[in-house]
Number of protein chains: 2
Amino acid sequence: MKWENVGEMNCSVARTLSVIGDRWTMLIIRNAFMGTRRFADFQSQLGMTKHLLSDRLKRLVEVGVFTREAYQQGRYEYRFTAMGDALYPVLLSMAAWGDRWLDEGKGAPVVFVHKECGKPMTPTMACSECGEPVTVHNVIPAPGPGLMTINEKA
Amino acid sequence: MKWENVGEMNCSVARTLSVIGDRWTMLIIRNAFMGTRRFADFQSQLGMTKHLLSDRLKRLVEVGVFTREAYQQGRYEYRFTAMGDALYPVLLSMAAWGDRWLDEGKGAPVVFVHKECGKPMTPTMACSECGEPVTVHNVIPAPGPGLMTINEKA
DNA sequence: TCATTTGGTTCCATTTTGGAACCGATTGGG
DNA sequence: CCCAATCGGTTCCAAAATGGAACCAAATGA
């Protein structure tokens with residue numbers, strides 16, 4: 001199977017990966033969450049080549065993660081849509097995993113402070129119904145309405 | 001910058017992506033969470049070429065996400081370590097985003113049931129301190145102990 | 001015994017990425 | 001107004017990664 005067909009799998013994870021699953025896209029999104037908006041800033045911060053950045057931004061706009069708005073003649077800002085904002089938990093879960101398992105003994109580069117309670121926190125996956133933390137041990141996947149086969153191919 | 005240097009950034013997200021951020025790795029991990037353990041099963045379920053699968057599994061074992069244990073002479077099973085289990089929230093956050101934003105009107109292929117409360121739920125990112133949901137609007141990133149510069153290069 | 005399964009490796013063509021040069025439109029400085 | 005610099009790209013080419021198929025040795029199973 002080719003990568004370009006991954007998005008056609010009947011799987012939410014595969015479809016998500018078809019949008020954010022290539023080498024640079026999540027780093028672009030990370031920087032966007034840190035406030036970066038403009039082409040040149042993304043490029044200098046990430047050190048990626050311009051044509052790749054151009055492609056990725058174009059694609060994220062097409063998919064609906066970013067809007068592209070001129071802030072001057074021919075100068076654009078890329079800003080999250082609601083769909084883009086909703087990627088924040090994906091970013092947080094990656095940051096939390098890297099902090100815990102790949103910190104090389106130096107501690108977390110960034111800590112997250114929850115505005116409401118004012119405390120530095122670890123982003124934690126919880127049940128929307130009862131609020132308790134969820135892990136691989138207490139979640140059971142079950143067939144949903146959109147299921148046909150778990151791994152349909154072609 | 002080349003992709004191989006991304007893992008050296010002083011950023012937990014970048015380091016996480018250096019492990020799980022290539023085309024196939026998260027799909028391998030998805031299937032592992034669904035119970036797949038063996039080379040041939042990963043290969044037939046994912047439809048990826050054998051040498052790529054071989055590379056990815058080798059790497060995930062090196063990094064510490066999987067163990068590789070013989071279940072017969074020369075036959076191996078790949079199983080999550082604690083480090084690997086801890087990737088579950090990343091998978092859940094991707095599944096939740098895909099369900100919400102890329103379902104193509106067909107509904108979620110899989111729903112998650114929380115064992116403790118017994119209800120189908122939406123995996124939600126919450127504050128470890130107060131348990132309230134967190135979003136891009138109520139989290140403030142702050143410098144942590146491992147920070148030197150936010151985007152050190154080279 | 002002999003075909004089949006498993007878990008790969010090797011080879012090659014195609015695709016993607018990385019690096020650099022180039023470019024037109026816009027802007028800011030003098 | 002003129003000129004240099006900036007912005008947001010595009011084009012070209014080399015290098016690296018991926019995709020497809022063939023091949024292979026060890027172990028199994030009939």
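Order of the sequence lines sets the chain letters (A, B, ...), proteins ahead of strands, with each chain counted from 1. Predicted model only: the values in this text are computed from it and were never measured.
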*Is the phosphate of D:dG9, meaning OP1 or OP2, less than 4.0 Å from a side-chain N or O of A:Y78?*
yes
*Starting from P on C:dT6, measure out to CG on B:L53 and report it in whole angstrom.*
14 Å
*Which whole-number value in Å describes the distance from A:F42 CZ to D:dC7 C1'?*
15 Å
*Grab the CE-C1' distance between B:M48 and D:dG19 for me, whole Å please.*
11 Å
*What about the rings of B:F66 and B:F80, do their centers lie closer together than 6.0 Å?*
yes
*What's the OH-C1' distance between B:Y76 and C:dT6, to the nearest Å?*
10 Å
*Starting from C1' on C:dT17, measure out to CE on B:M1 and report it in whole angstrom.*
14 Å
*asked:* Ring centres under 6.0 Å, that's the criterion: do B:Y88 and B:F33 meet it?
replied: yes
*Please give, in whole Å, the distance from D:dG20 P to B:L46 CG?*
14 Å
*asked:* If I take atom CG in residue A:L52 and atom C1' in nucleotide D:dT11, what distance separates them, rounded to the nearest angstrom?
replied: 14 Å
*asked:* Output the rounded distance in Å from CZ (B:R59) to P (D:dT18).
replied: 11 Å
*How would you label the contact of B:Q43 with the nucleic acid (heavy atoms, under 4.0 Å): base, sugar-phosphate, or nothing?*
nothing
*Can you check whether A:W24 has a side-chain N or O nearer than 4.0 Å to OP1 or OP2 of C:dG18?*
yes
*asked:* Students often get this wrong, so: under 4.0 angstrom with heavy atoms, is B:T49 touching a base, only sugar-phosphate, or nothing?
replied: base
*Do the ring planes of A:F42 and A:Y78 sit parallel (below 30°), tilted (30 to 60°) or perpendicular (above 60°)?*
perpendicular
*Is A:Y71 near enough to C:dT26 that one of its side-chain N or O atoms lies under 4.0 angstrom from OP1 or OP2?*
no
*Salt bridge between A:D103 and B:R15, side-chain N to carboxylate O under 4.0 Å?*
no
*Can you tell me if the side-chain N/O atoms of B:R68 get under 4.0 Å from OP1 or OP2 in C:dG8?*
yes
_Let's see if you can work this out: which of D:dA22, C:dG18, D:dG8 has an atom nearest to the side-chain heavy atoms of A:K50?_
D:dG8
*asked:* So, OP1 or OP2 of D:dG9: does either fall under 4.0 Å of a side-chain N or O from A:R38?
replied: no
_Side-chain N or O of A:R56 versus OP1/OP2 of C:dT17: is the shortest distance under 4.0 Å?_
yes
*asked:* Reading DNA chain D from 5' onward, which residue's closest nucleotide shows up sooner: A:E4 or A:R75?
replied: A:R75
*Looking only at side-chain atoms of B:Q73, point me to the closest of C:dG8, D:dT28, D:dG9.*
D:dT28
_Pair of N/O donor and acceptor under 3.5 Å linking D:dG19 base with B:H51 side chain_ = yes
*asked:* Any side-chain to backbone donor/acceptor pair from A:T25 onto A:D22? Under 3.5 Å, distance only.
replied: no
*Touch check for B:K2, heavy atoms < 4.0 angstrom, all strands: base, sugar-phosphate only, or nothing?*
sugar-phosphate
*asked:* Please determine whether a side-chain nitrogen or oxygen atom of B:S54 lies at a distance below 4.0 Å from atom OP1 or OP2 of C:dT9.
replied: yes
*Check whether any side-chain heavy atom of A:M83 lies under 4.5 Å from a side-chain heavy atom of A:V63, and answer yes or no.*
yes
